[in-house]
Amino acid sequence: MKNKIKTRVTLKGKIADLKMLIFHPMESGLRKDSVTKKLIPRHFIEILTIELNETLVIESHLSRSVSRNPFLHFKLKNVVVGDKIKISWHDNFDQTGKIETVVK
Amino acid sequence: MKKNASRRYTIKSVGIFLALTWIPFKSFANRWNKTAFNADQLDNSIELIGAEYLIQSDEVEIKVPQIAENGTIVPVEIYSHIIKTNAIYIFVGKNPSPLTAKFLFSDTSYPFVSTRIKMRESSELLVVVETKEKKFYANRRMVKVTIGGCGEET
């Protein structure tokens with residue numbers, strides 16, 4: 001499950017609905033561990049980028065207030081079958097994750 | 001003499017190589033506005049994104065439940081009908097750090113986003129839209145939260 005991203009692209013004409021589910025704890029730093037009673041340190045995605053055919057289309061900056069396993073839905077213009085969509089993220093622990101999909 | 005010159009050349013080229021690879025990496029980490037995201041007051045975080053005043057506008061469409069049962073998952077859908085929208089910011093007034101997310105759009109994406117956020121308690125949801133001319137439009141919704149979504153134990 002670690003660093004996994006699930007995506008779904010649906011094409012309506014030239015508009016692409018891009019939905020993604022990223023598996024990430026998104027710890028706020030306010031939660032306590034039920035066993036040790038210690039605060040769990042902040043751990044969340046800072047930057048998430050969407051690239052369409054290697055050009056940056058959307059850049060999102062997230063924070064600890066975004067829900068665990070973030071779900072995001074975007075709409076892209078001028079997308080045709082065969083276009084490549086690349087999603088990559090970077091968190092405050094310098095961990096990264098990425099996925100590339102081809103529009104069908 | 002010749003040996004010395006070649007050594008200098010290698011030092012120089014290694015230096016240039018390091019500078020070229022290091023600078024983009026550093027700027028990547030700095031893009032995330034740390035001060036605005038860590039600010040604990042709503043007014044303060046609005047100032048820190050560069051907005052001096054907000055123009056109230058219904059062209060910023062917000063779809064959010066009036067009553068959210070679970071504060072850990074509050075679905076939010078935003079569509080900006082303002083032309084030349086550059087960025088969308090989401091603020092939750094009573095969260096420990098109000099600025100929740102920032103989305104930057106380009107010409108090949110619609111200024112639309114749908115996501116799920118955490119809310120500690122019943123609060124006002126403020127959405128700010130920044131245009132390319134650096135004007136800031138805003139719209140608000142009140143959300144009632146039954147179970148808060150910040151400090152719960154696992």
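Excluded from the calculations below are hydrogen atoms, water molecules and symmetry mates; all remaining heavy atoms, backbone and side chain alike, are included. Since we're looking at a predicted model, the values are computed, not measured. Letters go in sequence order (proteins before strands), and every chain restarts at 1.
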Establish, yes or no, whether a centroid distance under 6.0 Å links the rings of A:His90 and B:Trp32.
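No: the rings miss the under 6.0 Å criterion.
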
Specify whether B:Phe112 and B:Tyr79 have parallel, tilted or perpendicular ring planes, treating 30° as the upper limit for parallel and 60° as the lower limit for perpendicular.
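Geometry flag for B:Tyr79 against B:Phe112: tilted rings.
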
Which of parallel (below 30°), tilted (30 to 60°) and perpendicular (above 60°) describes A:His43 and A:Phe93?
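Aromatic pair A:His43/A:Phe93 classed parallel.
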
Would you say the side-chain atoms of B:Asn86 pair up with the backbone N or O of B:Leu104, donor to acceptor, closer than 3.5 Å?
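A pair under 3.5 Å: no.
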
If only atom types and distance count, is the side chain of B:Ser123 paired as donor or acceptor with the main-chain N or O of B:Lys94 below 3.5 Å?
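Flag set: sc B:Ser123 to bb B:Lys94 pair under 3.5 Å.
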
Select one option (side chain, backbone, both, neither) describing which atoms of [X] are under 4.5 Å from chain A's heavy atoms.
| X | value |
| --- | --- |
| B:Val92 | neither |
| B:Phe37 | side chain |
| B:Ile90 | neither |
| B:Asn38 | side chain |

Choice from B:Ala101, B:Pro98, B:Ser97, B:Ala87 maximising heavy atom contacts with chain A below 4.5 Å
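Heavy-atom pairs under 4.5 Å are most numerous for B:Ser97.
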
Name the member of B:Ser106, B:Ser114, B:Pro75, B:Pro111 that forms the most heavy-atom pairs with chain A at distances under 4.5 Å.
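Highest number of pairs under 4.5 Å: B:Ser114.
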
Side chain, backbone, both or neither of A:Asn92 within contact of chain B (heavy atoms, under 4.5 Å):
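For A:Asn92, neither part sits under 4.5 Å from chain B.
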
Given a strict heavy-atom distance threshold of 4.5 Å, which part of A:Leu56 is in contact with chain B: side chain, backbone, both, or neither?
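The backbone, not the side chain.
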
Do NZ/NE/NH1/NH2 and the carboxylate oxygens of B:Lys132 and B:Asp107 come within less than 4.0 Å?
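Result for this pair is yes, salt bridge flagged.
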
